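Written out below as structure tokens is the structure these notes cover.
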Amino acid sequence: MKEKLISNISQCLANLEYPSIEVGIQRPKSPEHGDFASNIALILAKPLGKNPREIAEAIKSELQNSFNDNFESIDIAGPGFINFKLKKSVLSDLLLNILSQDSNYGKSSIGNNKRALVEFVSANPTGPLTVGHGRGAMLGDTVSNILEWNGYDVQREYYFNNAGRQMRVLGQSVHARYLELLGEKAELPEGGYEGKYIYDIAQKVIDEHNNSLVENSEDPIFKNAAEFHIFEDIKSTLSRLGLVFDTFFNENTLYENGEITNVVETLREKKLAYDKEGATWFAGTTVGREVDRVLIKSTGEPTYRLPDIAYHKDKFSRGYDLMVDVFGADHMDAYPDVMAAIDNLGFDSEKVKVLIHQFVTIMRDGNPVKMSTRKANFVTLDELINEVGADVVRYFFIMRGMNSHLNFDLDLAKDQSDENPVFYLQYAHARVCNIIKRGEAFDHPLNPQCDLSLLDKEIEHQLIQKLSELPEIIERAHSSLEPQTVANYLNELAILFHRYYAQEKVVTDDKALTAARLILVEATRIVFLNGLTIMGISAPERM
RNA sequence: GCCCUCGUAGCUCAGCUGGAUAGAGCAAUUGACUUCUAAUCAAUAGGCCACAGGUUCGAAUCCUGUCGAGGGUACCA
């Protein structure tokens with residue numbers, strides 16, 4: 001609808017021999033301003049050197065000459081806004097369109113089957129997922145859904161590293177608990193993992209190997225057992241949230257296939273890497289970065305930047321058209337070097353979109369909880385799901401913009417879970433379903449042939465108008481990659497629907513009116529269901 | 001010190017890439033269940049959009065500076 005209006009106006013501009021500029025259309029906040037509004041006359045005022053209202057008049061009469069069928073009215077208001085009110089018949093067509101597209105309503109083909117890779121969570125297997133990881137997880141999954149709704153072929157990938165110091169300490173921690181459980185004296189290594197789950201893993205090692213490993217503190221069995229069980233745990237948490245990864249990418253692959261050395265050599269050839277003080281450096285300053293950074297430490301061990309570059313190169317070699325990385329704010333400093341390197345290796349870093357979300361502050365008893373996996377004073381995602389349920393967890397993390405520092409009040413989330421805004425949406429959906437059932441029970445089957453012009457209440461007009469917005473919302477969510485757009489939209493729709501429910505009764509003795517209203521309700525059901533599906537939240541038919 | 005992200009109602013946050021009178025939810029006050037489920041609705045109250053300048057027809061939104069919060073600034077990830 002919006003596109004149609006834009007093309008109509010562009011046509012008029014051409015007819016009037018005005019300069020062709022991008023036509024902006026808004027949905028006015030106030031219903032008094034019609035269904036759509038354009039500021040086009042205000043923008044043209046300067047280049048044309050004319051009064052904006054004069055221009056608006058000219059456009060208005062041109063529109064009425066050529067496209068009058070679509071409009072109930074065209075008004076000029078304020079400094080020169082043009083307000084459009086759509087004909088009832090146009091609105092009816094919108095409803096029928098929703099019904100015929102059903103579970104596809106809102107999809108766009110903008111992605112054109114292009115391949116997208118979304119990388120997120122990517123927590124190393126050193127402990128259970130925390131509430132802190134939850135935000136990235138939900139953000140990544142919902143962004144993936146949004147891309148799919150926009151016609152992308154999406155792959156969800158989890159990147160991890162099971163080598164290095166952290167994992168070694170983890171193995172040693174398991175060994176220490178192993179000894180302890182066997183009654184031996186043992187202490188956690190310096191900086192060891194204190195979580196209770198380490199005991200669980202140690203117990204599993206005992207179950208399998210008895211006390212045969214007492215002497216051998218560096219036996220890889222400890223590290224491997226830890227990695228295996230922790231990954232199982234992580235996957236089970238993710239699946240409770242409805243999240244399934246297509247691929248797990250082990251950083252080690254990049255060493256095995258030689259890409260790490262390959263990248264360094266290529267960078268050297270391009271004079272972007274050099275040796276100094278026993279280490280290998282990335283010459284960031286020659287490509288506009290602030291300082292040069294170390295790629296390989298003097299110990300011979302690479303820093304995270306190097307595998308990250310190789311990893312992105314690997315992504316490019318797999319032929320994706322769009323790559324989305326989801327990081328926490330602590331990685332803020334990591335990616336610009338990586339992007340600079342990627343560009344200079346001959347790839348187009350524009351294809352990589354980095355989404356940075358701010359941290360979640362957990363509030364317990366009114367105080368912020370400092371989280372550390374190693375110290376084990378975290379709140380796990382699993383615990384949170386137990387307390388409030390997967391739907392609430394999902395919604396909580398995507399209802400806010402990723403740039404806002406999210407305050408998660410645990411006590412509030414637990415105690416007041418009944419008042420969580422997600423129930424507001426789900427309840428609206430359940431109501432919708434119930435009305436349709438009610439209609440069927442009283443012999444009012446859905447009939448798209450009915451007389452939709454009977455939907456003449458102001459609130460019905462607003463509702464239809466809102467329903468027609470879904471495709472725009474989904475496209476906007478795609479261009480901004482901001483899931484909360486969808487959450488906010490559904491919330492607005494729920495407000496309108498609940499108001500409608502309170503004002504007007506749908507199923508009555510008036511056959512014709514009931515039929516028309518049922519079509520409106522059915523369209524509402526479709527939009528709620530599709531919106532909740534994008535967010536990965538269940539849409540119960542009863543509550 | 002420097003670099004990011006932010007500062008909007010008492011609290012938690014929206015605000016559609018610059019539009020018309022800044023919006024929700026909690027919390028407060030007051031009404032509405034013989035009803036298509038009250039997990040809801042209606043109403044009242046609550047604001048110098050941190051502060052000061054600038055850009056223009058028009059700024060919560062863009063630019064500069066100040067103050068405040070969080071994060072980063074390692075041969076840690």
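Sequence lines set the chain letters: A, B, ... in the order given, protein chains first and strands last, and positions in each chain run from 1. Quick caveat: nothing in here was measured; it's all calculated off a predicted structure.
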Proximity to the side chain of R431(A) - top-ranked nucleotide from G15(B), C75(B), A38(B)
A38(B)

Let's test this: given Watson-Crick or G-U wobble pairing with both distances under 3.5 Å, identify the partner of U35(B).
none

Could you tell me whether F120(A) and Y159(A) have their ring centroids closer than 6.0 angstrom?
no

Heavy atoms under 4.0 Å is the rule here; annotate nucleotides 3-9 of chain B 5' to 3' with B where the base is hit, S where only the sugar-phosphate is, and - elsewhere.
-SBS---

Whole-Å gap separating P (A20(B)) and CZ (F36(A))
17 Å

How many Å lie between CZ on R542(A) and P on C36(B), as a whole number?
13 Å

Under a 3.5 Å cutoff, is there a donor and acceptor pairing between the side chains of S173(A) and R168(A)?
no

Does R305(A) have a side-chain nitrogen or oxygen under 4.0 Å from the phosphate oxygens OP1 or OP2 of C76(B)?
no

Ring stacking, H33(A) with base of A20(B), under 5.5 Å and under 30°?
yes

By nearest atom, which of the nucleotides C41(B), U73(B), U35(B) is closest to the K505(A) side chain?
U35(B)

If I take atom NZ in residue K46(A) and atom C1' in nucleotide U55(B), what distance separates them, rounded to the nearest angstrom?
10 Å

Using a cut-off of 4.0 Å on non-hydrogen atoms, how would the nucleic acid contact of R476(A) be classed: base, sugar-phosphate, or nothing?
base

With heavy atoms under 4.0 Å as the rule, sort P540(A) into base, sugar-phosphate or nothing.
nothing

Should U64(B) form a Watson-Crick or G-U wobble pair with both distances under 3.5 Å, which nucleotide is its partner?
A52(B)

Need one value for G401(A): base, sugar-phosphate or nothing, where a base atom within 4.0 Å counts as base even if backbone is also close, heavy atoms only.
sugar-phosphate

Are any non-hydrogen side-chain atoms of V338(A) and V352(A) less than 4.5 angstrom apart?
no

From CD1 of I82(A) over to P of A20(B), roughly how many Å is that when rounded to an integer?
17 Å

If A69(B) has a Watson-Crick or G-U wobble mate with both distances under 3.5 Å, name it; if not, just say none.
U5(B)

Counter-base of U17(B), judged by Watson-Crick or G-U geometry with both distances under 3.5 Å
none

Look at the side-chain N and O atoms of Y395(A) and state whether any lies under 4.0 Å from the OP1 or OP2 oxygen of C13(B).
no

Working to the nearest 0.5 Å, report the span between NZ of K315(A) and CD1 of I342(A).
9.5 Å

Between F84(A) and F71(A) (judged by ring centroids, cut-off 6.0 Å), do the two rings come close enough to count as a pair?
yes

Would you mind classifying the nucleic acid contact of N83(A) as base, sugar-phosphate or nothing, using non-hydrogen atoms under 4.0 angstrom?
base

Which nucleotide in U17(B), C13(B), A77(B) has an atom nearest any side-chain atom of S480(A)
U17(B)

G71(B) base / D330(A) side chain donor-acceptor hit below 3.5 Å
no

Searching all strands shown, indicate the nucleotide that pairs with G46(B) (Watson-Crick or G-U wobble; both distances under 3.5 Å).
none

Closest-nucleotide mapping onto RNA chain B: is Q26(A) or Y500(A) further toward the 5' terminus? I mean the 5' end.
Q26(A)

With a non-hydrogen cut-off below 4.0 angstrom, is E301(A) in contact with a base, only sugar-phosphate, or nothing?
nothing

May F81(A) be described as stacking on the base of A20(B), applying a 5.5 Å centroid limit and a 30° limit on plane angle?
yes

Nucleotide C57(B), atom P - distance to CD1 of I43(A) in whole Å
12 Å

With rounding to the nearest 0.5 angstrom, report the CG to CG distance, L355(A) to D325(A).
8.0 Å

What contact category does R165(A) fall into here, base, sugar-phosphate, or nothing, at under 4.0 angstrom with non-hydrogen atoms?
nothing

Have a look at Y501(A) and say if it touches a base, only the backbone sugar-phosphate, or nothing, with a 4.0 Å heavy-atom cut-off.
base

chi for C11(B) classified (syn = within 90 degrees of 0, anti otherwise) as anti

Comparing R438(A) with G278(A), nearest RNA chain B nucleotide closer to 5' gives the residue R438(A)

With a 3.5 Å limit on both atom pairs, tell me what G58(B) is paired to, counting Watson-Crick and G-U wobble, or say none.
none

Syn/anti state of U64(B) by chi, 90° boundary around 0
anti

Could you tell me how far apart H498(A) (NE2) and A39(B) (C1') are, to the nearest whole angstrom?
8 Å

So, does W149(A) use its side chain to make a donor-acceptor pair with the main chain of I534(A) at under 3.5 Å?
no

Now, which nucleotide makes the Watson-Crick or G-U wobble pair with A74(B), with each of the two distances under 3.5 Å?
none

Heavy atoms under 4.0 Å, any strand shown: does R400(A) hit a base, just sugar-phosphate, or nothing?
base

Sugar-phosphate only, base, or nothing, as touched by E504(A) at under 4.0 Å among non-hydrogen atoms:
base

Can you figure out which of C75(B), A14(B), G19(B) approaches the side chain of N39(A) most closely?
G19(B)

Could you tell me how far C16(B) sits from C2(B) if I compare only their P atoms? Round to whole Å.
31 Å

Within this structure, what is the CD-to-P distance between Q426(A) and A39(B), rounded to whole angstrom?
14 Å

At 4.0 Å (heavy atoms only), tell me whether N491(A) reaches a base, stays on the sugar-phosphate, or touches nothing.
sugar-phosphate

What integer distance in Å separates K466(A):NZ from A24(B):P?
12 Å

Can you tell me, in whole Å, how much space there is between the C1' of U21(B) and that of A38(B)?
32 Å

Can you figure out which of A14(B), A77(B), C41(B) approaches the side chain of A502(A) most closely?
C41(B)

Is there a donor in the side chain of E251(A) and an acceptor in the side chain of Y311(A), or the other way round, less than 3.5 Å apart?
no

Do F245(A) and F248(A) make the cut of ring centroids closer than 6.0 angstrom?
yes

Sugar-phosphate only, base, or nothing, as touched by A37(A) at under 4.0 Å among non-hydrogen atoms:
base

Describe the nucleic acid contact of L406(A) in one word from base, sugar-phosphate, nothing, applying a heavy-atom distance below 4.0 Å.
sugar-phosphate

Hey, does the side chain of K29(A) come within less than 4.0 Å of A22(B)'s phosphate (OP1/OP2), counting only N and O?
no

Side-chain N or O of R499(A) versus OP1/OP2 of A42(B): is the shortest distance under 4.0 Å?
yes

Hey, could you give me the CZ/NZ distance between R517(A) and K505(A), rounded to the nearest 0.5 Å?
11.5 Å

Test side chain to side chain donor-acceptor pair (under 3.5 Å) applied to H405(A) and Q358(A), H357(A), R400(A), the passing residue
Q358(A)

Considering every strand and a 4.0 Å limit on heavy-atom distances, what is the contact class for Q484(A): base, sugar-phosphate, or nothing?
sugar-phosphate

Nearest 0.5 Å please: distance from the CG atom of L496(A) over to the NZ atom of K466(A).
6.5 Å

Does A39(B) have OP1 or OP2 under 4.0 Å away from a side-chain N or O of Y427(A)?
yes

Pick base, sugar-phosphate or nothing for N407(A), based on heavy-atom distances below 4.0 Å to the nucleic acid.
sugar-phosphate

W281(A) side-chain proximity, nearest of C75(B), A77(B), U56(B):
C75(B)

Counting only Watson-Crick pairs (N1-N3 plus N6-O4 or O6-N4) and G-U wobbles (N1-O2, O6-N3), all under 3.5 Å, who is the partner of C11(B)?
G25(B)

